[in-house]
Amino acid sequence: MKPLFTLALSLAVVGSAFGGTLKINGSTTVNLPVAEAAEILRAEQKMDIQVDTQGGSSGGISMLGDGQVQVGMISKRLSDDDRKKYPQVAFKETHIGEDAVALIVSKDVWDNGVHTLTKVQAKDIYEGKVTNWKELGGAKSQRIAFFNKEPGRGTWEVFVHWLYGSPKAAPQVSFPEVGGNEETRNKVASTRGALSQLSSSWADGKRVFALALVGNDGKPVEPTEANIATHQYPMSRPLFVLTNGEPAGEAKTLVEFLLGERGQELVKKHGYLPLKALKQ
Amino acid sequence: MTRAFSWLLSLGALAALALLLGVFAWQSGPVWQHEGAGYVTGGKWFFRQHEFGALPMICGSVVVALVALIMAAPLGLGAAVFIAEYLPRRSRLAVKMLVELLAGVPSVVYGLLGILLLRDWVYETFERFDPLSGDTLLTAGILLAVMVLPTVVTLADDALRAVPATQRRAARALGLTRAEAIWSVCLPQARRGIGAALLLSLGRALGETIAVFLVVGRQDNNLPVQLLGAGQTLTSKLGGSETNIAYGDPLHWGAMMGLGLLLLLLTGAVTLLGSLKGRRDA
């Protein structure tokens with residue numbers, strides 16, 4: 001027993017000293033293609049990769065800033081505040097695809113006739129001024145059960161960025177909070193009158209439905225691929241992997257794979273827009 | 001030699017605990033300076049405005065744990081009486097083993113079961129009280145009740161078995177029925193041990209994180225006035241992504257660490273009380 005234990009211990013020490021494992025953490029949105037890429041690299045190149053989604057985008061930034069992981073995944077642009085928190089880290093964003101944040105509702109809301117939302121209406125809900133779907137075009141009275149994405153999630157930042165210009169300008173509110181994408185989708189699907197923010201690729205149109213957003217010209221814009229690519233949909237957002245300085249070593253292998261043909265295929269497979277679909 | 005060694009180790013354990021408390025107290029320093037006692041009594045937590053009041057979370061933790069205990073205590077005691085007093089020895093050991101196995105199920109499993117079964121059940125069953133969703137303090141309380149039930153059962157069973165058999169025989173010789181003997185001899189004698197069982201379970205309920213996190217709704221600034229509303233506990237706050245945002249801002253970080261300190265003190269006090277109570281009994 002004892003020699004085995006000693007062996008395990010020394011292996012662990014050696015492993016951590018030479019950084020044999022490529023550790024990745026961050027957004028559940030970016031996780032989908034990255035985790036699958038990691039799977040392939042593990043099988044084909046015998047790379048040792050760990051992918052985790054603790055704390056969403058802000059978790060990715062803080063763990064990279066702290067040196068606990070070599071690659072972060074974020075579903076929003078890095079803000080100046082993020083950079084200021086870690087002055088010694090040279091964050092390098094690598095754009096791997098594009099996604100949109102959708103406002104999703106449960107089936108009963110959709111069936112009640114609410115299919116669009118204006119910016120003002122979204123603000124009113126967020127600030128608690130409107131609490132019934134009837135005031136927003138619903139045929140019958142129905143309470144709004146709003147699940148707010150946790151602050152710190154990329155999805156939430158994109159949402160308040162649209163409404164208020166920056167996370168700092170957003171009023172502090174207290175709604176029940178949801179974390180990862182699976183949790184958000186399941187809770188919205190199983191709650192009457194539910195609304196939340198979610199990556200549009202997760203809105204399946206069967207259990208949860210993405211609302212069209214009405215722009216200043218009064219035309220509703222759905223989060224379709226075309227509208228995201230042309231940035232007509234207001235809450236489109238870039239997906240990044242994040243490294244400290246230019247990606248090197250195994251991180252570089254991963255980043256190159258994601259930017260390569262097969263990696264971009266994975267981005268597309270999970271419902272996001274690959275780079276070449278974007279109109280610059 | 002052995003004695004010196006055991007002293008040394010005990011001191012080591014004590015030092016580790018002191019160090020732990022010290023680190024949390026030191027890290028949470030800024031928030032105590034900023035808020036003072038208002039940190040514990042304040043009802044508003046708005047981190048971007050640098051306003052930190054932990055009262056709703058403290059109350060949330062206590063309420064959820066109490067709901068769990070109120071539900072688990074009668075069930076658990078009943079089961080313990082049955083196991084300790086009515087089952088023959090061999091099946092008693094088998095049942096006890098099964099119960100202890102239940103106590104070892106990882107809490108995330110309970111949490112997922114909670115999402116799968118309990119959320120919707122609470123949502124539908126209490127529909128006429130019009131809960132906004134299935135994530136409520138009550139859901140978390142019921143889930144915790146299921147989780148601490150094995151602890152209540154096995155500890156209360158131990159307490160009952162610690163009552164000497166001669167006492168039971170004496171009671172029966174005086175003409176008491178079996179039920180009467182249990183009610184007026186065994187239970188009163190095991191009272192301290194049972195109290196300890198309940199307190200230790202309360203400690204476990206207070207400290208439980210992931211299962212509560214999944215079903216409590218995580219709504220800030222809600223004093224838990226109604227059980228069918230969403231709420232926030234100390235643990236569900238600490239389990240969320242706010243810890244990542246707090247990092248790098250000494251005051252906000254201090255506020256999060258302060259929650260850790262409060263949780264440590266709360267569970268520590270309850271568990272210590274439970275252990276002391278149990279010790280004096282033996």
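Residue numbers start from 1 in every chain, and the chains themselves are labelled A, B, ... in the order their sequence lines are given, proteins ahead of strands.
With a threshold of 4.5 angstrom between heavy atoms, A/D66 approaches chain B through side-chain atoms but not through N, CA, C or O. Looking at A/I144, the atoms closer than 4.5 Å to chain B (heavy atoms on both sides) all sit in the backbone: N, CA, C or O. Of the two parts of A/A170, the backbone and the side chain both hold a non-hydrogen atom closer than 4.5 Å to a non-hydrogen atom of chain B. Contacts of B/P56 with chain A are absent, with no heavy-atom separation under 4.5 Å from either backbone or side chain. The contact between A/K187 and chain B is made by backbone and side chain atoms together, counting heavy-atom distances below 4.5 Å. With a 4.5 angstrom heavy-atom cutoff, A/Y86 touches chain B only via side-chain atoms. Residue B/E51: no heavy atom, backbone or side chain, is found under 4.5 Å from chain A. For A/T191, the parts lying near chain B are the backbone and the side chain together; criterion is any non-hydrogen pair under 4.5 Å.
We find the CD-CG distance between A/E183 and B/D135 to be 7.5 Å, quoted to the nearest 0.5 Å. Taking CZ from A/F147 and CZ from B/R218, the interatomic distance works out to 10.5 Å, rounded to the nearest 0.5 Å. Separating the CD atom in A/Q54 from the CG atom in B/N244 is a distance of 8.0 Å, to the nearest 0.5 Å.
Taking 4.5 Å as the limit, some side-chain heavy atom of A/P151 sits within range of a side-chain heavy atom of B/F47. Annotation: side chain of A/S174 is not in contact with side chain of B/N222 (no heavy-atom distance under 4.5 Å).
The environment of CZ in A/R192 is crowded: more than 12 heavy-atom neighbours from other residues, nucleotides or ligands sit within 6.0 Å. By the 6.0 Å contact criterion, NZ on A/K134 is open, its count of non-hydrogen atoms from other residues, nucleotides or ligands being 12 or less.
A/S190 and B/R119 make their closest contact through OG-NH1, 2.9 Å (heavy atoms, listed as atom of the first residue, atom of the second, distance). Among all heavy-atom pairs drawn from A/R143 and B/D130, the shortest one is NH2-O, 2.7 Å. The two residues A/E150 and B/G240 come nearest to each other via the heavy atoms OE2-CA, 3.5 Å.
Between chain B and the residues A/K168, A/Q172, A/E177, the most heavy-atom pairs under 4.5 angstrom are made by A/Q172. When A/G179, A/S58, A/G60 are compared by the number of non-hydrogen pairs under 4.5 Å with chain B, A/S58 comes out ahead. Contact count versus chain A (heavy atoms, under 4.5 Å) is highest, among B/A230, B/S133, B/G239, for B/S133. Heavy-atom pairs under 4.5 Å with chain A were tallied for B/D220, B/D249, B/T243; the largest tally goes to B/D220.
A donor-acceptor pair under 3.5 Å links the side-chain atoms of B/R48 to the main chain of A/P167, judged by distance alone.
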